[in-house]
Amino acid sequence: MGTRAEFRCRCGEVRGFVADASPRAVNRVGCYCDDCQAFAHWLGRADLLGAQGLSDIVQVAPASFAFEQGQNRIKGVRLSPKGLYRWYATCCNTPVGNTLTPSVPFVGMFAAAFDQGGQRADAVFGPPTGAIMGKYAVGEAPPGTTGVRLPLLLRVISRVLGWRLRGKVWPHPFFTRGNDAPVYPVNVLTREERDALRPYCGPHPAASA
Ligand SMILES: [Zn+2]
Ligand SMILES: [Zn+2]
C-alpha cells in the first residue's frame, strides 16, 4: 500500500494526485530522446530538462491518476500524427502526463511535478532506475543508456501489462471509456513545426534555448 502523492503545475492552477504511490507501483525511467527534448522546448520549458537533456519520468497506472482542479487548462499535443499524446497545463506550460491510447495504459509524468512542499519524488517513488535513448543525449551518450536495455524494458513492459490485466486503465484521466476519445483538445504539430524544434535537441544542438 503506497501513499497518495500530490502533483501540481508550476503556477498551482492544475492539481491532482497519484493514489497508491510507491516504488513498486511505478516505472521511474529517464528518457533522453529528442521527442521529449523537443516537447520541453516547444513548451518553452527547457528548465524541466536535466543534464544532457534528460526527462526524468515516472510512469503510473492511468486509474491511479486523478485531477483535482484546473482540468479546463489541459490540452494535448502530438509531435507527429502517430506520436505520444503529451498533455500539459496551458496556464504555465507544465507537462502533466505523456500517454499512448488506453490500449497501452500508462501516464508518464515529470518527476519534478511531485517535488512540492515536503514531498520529494525520490522519497515517494525511489530514485531513477535507469535511462534510455542515450544516443540523443546532448553531447556524449551517458554509459548504459544506449541500445536495447533488456532488463529495464522488460520491467516497464511487465508493469504496463500488469496494469492492463489488473484493471488499472479506467477511469483514464485523458480518454473516454467506450470510444477511447481524448477528453481534452489535441493539436498535432505540422512537419515544419516539428522540424523547427530539432536545432534545440541532442545529440548536437545547433541552437541554444
Ligand atoms: Zn499552471
Ligand atoms: Zn523520450
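Ligands are counted one by one from 1 in listed order, and the atoms in each one are counted from 1 as well. Nothing fancy with the numbering, it's 1 onward along the sequence.
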For the pair [X] (side chain) and [Y] (backbone), establish whether a donor and an acceptor sit closer than 3.5 Å, ignoring hydrogens and angles.
{"X": "Arg78", "Y": "Val186", "answer": "no"}
{"X": "Asn27", "Y": "Gln59", "answer": "no"}
{"X": "Gln37", "Y": "Tyr200", "answer": "no"}

Margin query: The test is ring pair (Phe, Tyr, Trp, His ring centres under 6.0 Å); show your working for Trp42 and Tyr88 and say whether it passes.
Written below: CA-CA 11 Å; Trp42 181 77; Tyr88 63 100; 5.4 Å; yes
Note to self: Quick check for you: within a radius under 2.8 Å, how many protein N, O or S atoms neighbour the Zn ion (ligand 2)?
What the structure shows: 3
Check: Do we get Arg28 above Phe125's six-membered ring, with its NZ or CZ under 6.0 Å from the centre and within 45° of the axis?
Finding: no
Note to self: So, taking the atom named OG1 in Thr145 and the one named CD in Glu140, what distance separates them when rounded to the nearest 0.5 Å?
What the structure shows: 10.5 Å
Item checked: the Zn ion (ligand 1): protein N, O or S atoms that are less than 2.8 Å away, sorted by chain -> Cys9 SG, Cys11 SG, Cys91 SG, Cys92 SG
Next item on the list: Share the residues that join Ile157 in a hydrophobic cluster, the rule being Ile, Leu, Val, Met, Phe, Trp or Tyr side chains under 4.5 Å apart at the heavy-atom level.
Entry: Val148, Leu150, Leu153, Leu154
Notebook entry, point to check: Do other residues, nucleotides or ligands put more than 12 heavy atoms under 6.0 Å from Arg45 CZ?
Noted result: yes
Margin query: Test of understanding: with ring-ring contact (aromatic ring centres under 6.0 Å, His included), list the residues that count as partners of Phe65, not counting sequence neighbours.
Written below: Phe7, Phe67, Phe174
